[in-house]
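Structure provided below as structure tokens; questions to follow.
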Amino acid sequence: MQIIRQMETKANEMYMERVIRGFCHLYAGEEAVAVGMEHAITKDDSVITAYRAHGWTYMRGVSVLGVMAELAGRASGCAKGKGGSMHMYCTNFYGGNGIVGAQVPLGAGIALAMKYSKKSNVCVTVYGDGAANQGQIFEAFNMAKLLNLPCIFVCENNIYGMGTSAERASANTDFYKRGDYIPGIWVDGMDVLAVKSATEFAKAFVLKNGPILLEADTYRYYGHSPADTQASYRFREEVQEVRDKRDPINQMKKRILSAELATVDDLQNIDKETGQEVKVAAERSKVDPELPVEEVFTNIYHQPPPDFHVRGCDPTINAATLKPVLKERSSLFIESVFGFN
């Protein structure tokens, strides 16, 4: 959890420095969900999630450098810098998906493949409270139950979508009850041990009975993305209160200390070590090379034939020759549609 927290803190700094461009959806505050669930499944199980994926990517096996370099668009990133914040992948981790809710039917498909192949594994399919009202999610629920697929549908309910609270966006905020014909359970998503136990139960259930819904009640400390100022829908005092009373890392520290499993110095050393690891990875991600331009046309298909060519892509055309062509085409389009040049 501390590694993920440090990564997200550093990612926020790098975004402000313009090292990270585009979107950047931070996971700080929600660490207990990914960490607890990963410790209840195996690497042969699959996970697919939405665009708030940095923590999940690390837990699935990508190094800190692999995450930080991907954020910075560098070749040493887990997707060679092509995916950025929203599109990270590794073995049995299917992203990081940018379209709200679109990963849920994909997760059902992954679970279908597992059942078809007679594997004793599950697919953890994660979405947020903001995506919970998407129609395709209910379609996926229906298919999953019809076929009794080994799918754990996980709603990471961090209370707020983009610019509004769940209470203003959803008539029913008990997301674990949304399955209708699929049973659901609720878990405190700020308690890593509770999340682990709930996931262990969910995995055993779906392998025997088919899909289940699991709502993890959590909280994000940053805005939906850097473009979200949060000023219109929540106060700083609310965020600070959650940090003080429910923070998953602080709660775990208190448990460890009360059980005398470690000393204050031990925990401080962990904080320092994780901070240093993230710092080193972040600094390297700033100087690692970017991919050459030719790589724009690669990785479109898996294992393409040797003479494969992307239609319409001419590597001999450079920006200088392409600009007047595009300008001419755009002028013709405007004239044909609107009647003026």
Side-chain angles (χ1 to χ4, degrees), residues 1-5 27 29-50 52-62 90-96 103-104 106-108 110-115 119-129 131-132 137 140-141 144-145 148-159 174-179 182-220 246-249 251-252 255-256:
M1 288 193 290
Q2 190 62 280
I3 281 279
I4 298 171
R5 178 68 58 84
Y27 201 63
E30 304 181 41
E31 298 90 352
V33 180
V35 174
M37 288 189 175
E38 185 63 42
H39 282 83
I41 60 177
T42 71
K43 294 301 181 184
D44 291 327
D45 294 314
S46 294
V47 174
I48 186 168
T49 186
R52 202 176 303 279
H54 311 160
W56 272 111
T57 305
Y58 173 74
M59 291 308 301
R60 286 270 82 191
V62 174
C90 66
T91 303
N92 290 331
F93 178 59
Y94 296 85
Q103 74 278 7
V104 178
L106 297 180
I110 296 167
L112 174 60
M114 290 172 170
K115 183 170 183 177
K119 293 182 178 179
S120 298
N121 298 108
V122 302
C123 181
V124 177
T125 301
V126 188
Y127 59 97
D129 55 282
I137 291 181
F141 289 171
K145 184 54 187 174
N148 275 332
L149 302 179
C151 192
I152 305 174
F153 293 104
V154 178
C155 178
E156 286 184 320
N157 180 11
N158 61 26
I159 314 300
D174 289 332
F175 296 103
Y176 69 100
K177 297 179 180 179
R178 293 280 195 96
I182 299 176
I185 56 176
W186 179 98
V187 66
D188 182 356
M190 307 295 269
D191 183 338
V192 68
L193 299 182
V195 172
K196 179 177 181 292
S197 295
T199 309
E200 288 172 341
F201 170 85
K203 179 177 178 177
F205 179 91
V206 301
L207 288 174
K208 183 179 180 180
N209 304 290
I212 194 171
L213 268 64
L214 194 161
E215 177 186 350
D217 187 352
T218 184
Y219 196 85
R220 59 169 166 79
R246 296 186 64 206
D247 183 82
I249 297 176
Q251 285 193 81
M252 194 61 190
R255 282 180 171 175
I256 290 171

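FYI, side chains are in, hydrogens and waters are out, and symmetry mates aren't considered; it's all heavy atoms of this structure. No experiment lies behind these values; they were computed from the predicted model shown.
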side-chain hydrogen bond (donor to acceptor under 3.5 Å, both in side chains): pairs with one or both residues in residues 207-218, sequence neighbours excluded =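 Residue pairs passing side-chain hydrogen bond (donor to acceptor under 3.5 Å, both in side chains), neighbours aside: Asn157-Glu215.
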inquiry  = Given 3.5 Å as the limit, does a donor-acceptor pair link the side chain of Glu156 with the main chain of Val33, or not?
reply    =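 No, Glu156 side chain to Val33 backbone: no donor-acceptor pair under 3.5 Å.
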task = Ignoring hydrogens and angles, tell me if any N or O in the side chain of Arg178 forms a donor-acceptor pair with the backbone of Ala132 under 3.5 Å.
result =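 Checked: pair present.
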From CA spacing to verdict: side-chain contact (heavy atoms from CB on, under 4.5 Å), Phe93, Thr49 = CA-CA 9 Å; Phe93 178 59; Thr49 186; 3.9 Å; yes
task = List in chain and number order the residues that pass ring pair (Phe, Tyr, Trp, His ring centres under 6.0 Å) with Phe141, two or more places apart in sequence or in another chain; answer none if no residue qualifies.
result =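 Applying ring pair (Phe, Tyr, Trp, His ring centres under 6.0 Å) to Phe141 gives Phe138, Phe153.
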key: Spacing of Ile48 atom CD1 and Tyr127 atom OH [to the nearest 0.5 Å]   =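 It is 14.0 Å, given to the nearest 0.5 Å.
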request  = Answer yes or no: does atom NZ of Lys145 have more than 12 heavy-atom neighbours from other residues, nucleotides or ligands under 6.0 Å?
outcome  =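 Counting other residues, nucleotides and ligands, NZ of Lys145 exceeds 12 neighbours.
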key: From Leu207 atom CG to Ile212 atom CD1, the distance as rounded to the nearest 0.5 Å   =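 So the CG of Leu207 and the CD1 of Ile212 are separated by 11.5 Å.
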inquiry  = Looking at every heavy atom in both Leu213 and Phe175, which two are closest together, and how far apart are they?
reply    =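 Minimum heavy-atom contact is CD2-O, 3.6 Å.
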Non-neighbouring partners of Asp129 that pass side-chain hydrogen bond (donor to acceptor under 3.5 Å, both in side chains), sequence neighbours left out =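 Here no residue qualifies.
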task = Look at the side chain of Gln103 and the backbone N and O of Val126, then say whether any donor-acceptor pair between them is shorter than 3.5 Å.
result =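 Looks like yes, one N/O pair under 3.5 Å.
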query = For Asp45, what residues pass the side-chain hydrogen bond (donor to acceptor under 3.5 Å, both in side chains) criterion, not counting sequence neighbours?
reply =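 Per chain and number, Asp45 pairs via side-chain hydrogen bond (donor to acceptor under 3.5 Å, both in side chains) with Thr42, Asn121, Lys203.
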Residue pair Pro150 / Ala111: nearest heavy atoms and the distance that separates them =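 Closest approach of Pro150 to Ala111: CD-O, 3.5 Å.
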ask   = Within a strict 4.5 Å, meaning less than it, do heavy atoms of the Asp191 and Arg255 side chains meet?
value =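 Contact flag for Asp191/Arg255 side chains = yes.
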query = Would you say Arg60's side chain and Asn92's backbone share a donor-acceptor pair under 3.5 angstrom?
reply =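 Yes; at least one donor-acceptor contact below 3.5 Å.
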message = Could you check whether any side-chain heavy atom of Met37 comes within less than 4.5 Å of a side-chain heavy atom of Val47, counting everything from C-beta outward?
response =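 No, too far: nothing below the 4.5 Å cut-off.
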key: Heavy-atom pair of closest approach, residues Cys155 and Gly128   =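 Nearest heavy atoms, Cys155 then Gly128: SG-C, 4.0 Å.
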task = Output all residues satisfying side-chain hydrogen bond (donor to acceptor under 3.5 Å, both in side chains) with Arg5, sequence neighbours left out; order by chain, then residue number.
result =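 Arg5 satisfies side-chain hydrogen bond (donor to acceptor under 3.5 Å, both in side chains) with Glu31, Asp247 once adjacent residues are dropped.
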query = Would you find more than 12 non-hydrogen atoms of other residues, nucleotides or ligands less than 6.0 Å from Lys43 atom NZ?
reply =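 Buried by this count: over 12 neighbours within 6.0 Å.
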inquiry  = For a side-chain contact (heavy atoms from CB on, under 4.5 Å) check, start with the C-alpha distance between Ile4 and His54, then their side-chain angles and the critical distance, and finish with the verdict.
reply    = CA-CA 8 Å; Ile4 298 171; His54 311 160; over 6 Å; no
inquiry  = Quick one, Lys115 with Asn148, criterion side-chain contact (heavy atoms from CB on, under 4.5 Å). Give me CA distance, side-chain angles, the key distance, then yes/no.
reply    = CA-CA 9 Å; Lys115 183 170 183 177; Asn148 275 332; 4.0 Å; yes
inquiry  = What's the separation between atom CD in Glu200 and atom NZ in Lys196, rounded to the nearest 0.5 Å?
reply    =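 So the gap between those two atoms works out to 3.5 Å.
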request  = Would you please name every residue forming a side-chain hydrogen bond (donor to acceptor under 3.5 Å, both in side chains) with Gln2, sequence neighbours left out?
outcome  =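 Gln2: side-chain hydrogen bond (donor to acceptor under 3.5 Å, both in side chains) contacts with Asp271.
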query = Would Leu193 and Gln251 satisfy side-chain contact (heavy atoms from CB on, under 4.5 Å), going step by step from the backbone distance to the final call?
reply = CA-CA 10 Å; Leu193 299 182; Gln251 285 193 81; over 6 Å; no
query = How many angstroms lie between atom CH2 of Trp186 and atom NZ of Lys177, to the nearest 0.5 angstrom?
reply =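 With rounding to 0.5 Å, CH2 (Trp186) is 12.0 Å from NZ (Lys177).
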ask   = Looking at CG of Leu112 and SG of Cys123, how far apart are the two atoms once the value is rounded to the nearest 0.5 Å?
value =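 Spacing of CG (Leu112) from SG (Cys123) equals 11.0 Å.
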request  = Return the minimal non-hydrogen interatomic distance between Tyr219 and Met190, and the atom names on each side.
outcome  =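 For Tyr219 versus Met190, the nearest heavy atoms are N-SD, 3.8 Å.
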request  = Could you grab the distance from atom OH of Tyr94 to atom CD1 of Ile110, nearest 0.5 Å is fine?
outcome  =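 If we round to the nearest 0.5 Å, Tyr94:OH and Ile110:CD1 are 5.0 Å apart.
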ask   = Of the non-hydrogen atoms in Ala194 and Asp188, which two are nearest, and what is the gap between them?
value =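 Nearest pair, atom of Ala194 first, then Asp188: CB-O, 4.3 Å.
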Minimal non-hydrogen separation, Pro211 against Pro183, with atom names =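 Reported closest heavy-atom pair: O-CD, 3.9 Å.
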